[in-house]
Amino acid sequence: GNSVTQMEGPVTLSEEAFLTINCTYTATGYPSLFWYVQYPGEGLQLLLKATKADDKGSNKGFEATYRKETTSFHLEKGSVQVSDSAVYFCALSDEMNRDDKIIFGKGTRLHILP
Amino acid sequence: DGGITQSPKYLFRKEGQNVTLSCEQNLNHDAMYWYRQDPGQGLRLIYYSQIVNDFQKGDIAEGYSVSREKKESFPLTVTSAQKNPTAFYLCASGDRWEETQYFGPGTRLLVL
């Protein structure tokens, strides 16, 4: 079945450090891939997405590239800010999946120290 | 403003009591979802609905019930059969073609 595996947190970095959060997936078809972000006490927000191999999603300085050969969609940011502290979820939606469900990873908590 | 609203923000349940969480969307989405989130955990799907008057069980449906009488509304009832209901509940809606889900702000349910 479809699944998403992302690195366990928490991840703690200093402000302006480089960020990578790893995400790998298993899917039967050709999934679309997503990163969602959840700020404290709030719901999830879509951060970025990519719908086919080699696509790069980007938003707010974050980037992730859809790598079919390694089944990965790692999230990166060149210089993190304190305001980036949140929980980040990798997710996939498989076009072969007829019930429109999105499969979420378990989330990675990110702490940015000033 | 288009979006999803959930109410209340906090809800307290007594032993043996059923409580209902509200979820409303004005995004004209056909699909709606309920997730449960426990501290330090990911999202677990409770129920989902792809169209009015139809819904399916997710991964942890026991002790919960839903209805979908209107496109805009997808209320979740936490019944007394749910023995561990304390959690953060998230509602979402989605468009099949966009493949993206939009989330409400959540309801935190606590047991007295």
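A, B, ... follow the sequence lines: proteins, then strands. Residue 1 opens every chain. As the structure is a prediction and not an experimental result, all values here were calculated from the model.
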Q: Looking at CD1 of A/Ile103 and CG of B/Leu45, how far apart are the two atoms once the value is rounded to the nearest 0.5 Å?
A: 8.5 Å

Q: Shortest non-hydrogen contact from A/Ile102 to B/Tyr35?
A: O-OH, 4.2 Å

Q: What distance separates B/Tyr102 OH from A/Leu44 CG, expressed to the nearest 0.5 Å?
A: 13.5 Å

Q: For B/Arg13, I'd like to know if atom CZ has over 12 heavy atoms of other residues, nucleotides or ligands within 6.0 Å.
A: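 Result for CZ/B/Arg13: enclosed.
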
Q: Step through the shown structure and confirm whether more than 12 heavy atoms of other residues, nucleotides or ligands are within 6.0 Å of CD on A/Glu8.
A: no

Q: In sequence, state the C-alpha distance, the side-chain angles, and the governing distance for B/Tyr48 and A/Lys101, and then conclude on side chain to side chain contact (heavy atoms under 4.5 Å, CB included).
A: CA-CA 8 Å; B/Tyr48 63 102; A/Lys101 288 194 289 187; 3.8 Å; yes

Q: Could you look at B/Gln6 and say if it's the side chain, the backbone, both or neither that has a heavy atom under 4.5 Å from chain A?
A: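 Neither part, no heavy atoms under 4.5 Å.
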
Q: CD of A/Gln38 to CG of B/Leu90: how many Å apart, nearest 0.5 Å?
A: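 Here the interatomic distance stands at 6.0 Å.
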
Q: Would the number of heavy atoms belonging to other residues, nucleotides or ligands and lying under 6.0 Å from CG of B/Leu110 be above 12?
A: yes

Q: Under 6.0 Å from the OH atom of B/Tyr10, do we count more than 12 heavy atoms belonging to anything else shown?
A: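 12 or below, so no.
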
Q: As an exercise, state the distance from CZ of A/Phe34 to CD of B/Gln101, rounded to the nearest 0.5 Å.
A: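 Between A/Phe34 CZ and B/Gln101 CD, I get 8.5 Å after rounding to 0.5 Å.
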
Q: Between A/Tyr36 and B/Leu43, is a side chain to side chain contact (heavy atoms under 4.5 Å, CB included) present by the stated rule, with each step listed?
A: CA-CA 12 Å; A/Tyr36 283 81; B/Leu43 303 177; over 6 Å; no

Q: Can you hop from B/Phe103 to B/Leu21 via hydrophobic side chains spaced under 4.5 Å?
A: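 No, because B/Phe103 and B/Leu21 fall into different hydrophobic clusters, even though each may have its own neighbours under 4.5 Å.
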
Q: Quick check on A/Glu69: does its CD atom have over 12 non-hydrogen neighbours (other residues, nucleotides or ligands) under 6.0 Å away?
A: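 Counting neighbours around CD of A/Glu69, more than 12 heavy atoms of other residues, nucleotides or ligands fall under 6.0 Å, so yes.
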
Q: As an exercise, state the distance from CZ of B/Phe88 to CD of A/Glu42, rounded to the nearest 0.5 Å.
A: 8.5 Å

Q: Counting heavy-atom pairs under 4.5 Å to chain A, which of B/Ala92, B/Gly58, B/Cys91, B/Gly42 comes out on top?
A: B/Gly42

Q: Answer yes or no: are there more than 12 heavy-atom neighbours, outside A/Lys106 itself, under 6.0 Å from its atom NZ?
A: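 Not buried by this count: 12 neighbours or fewer within 6.0 Å.
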
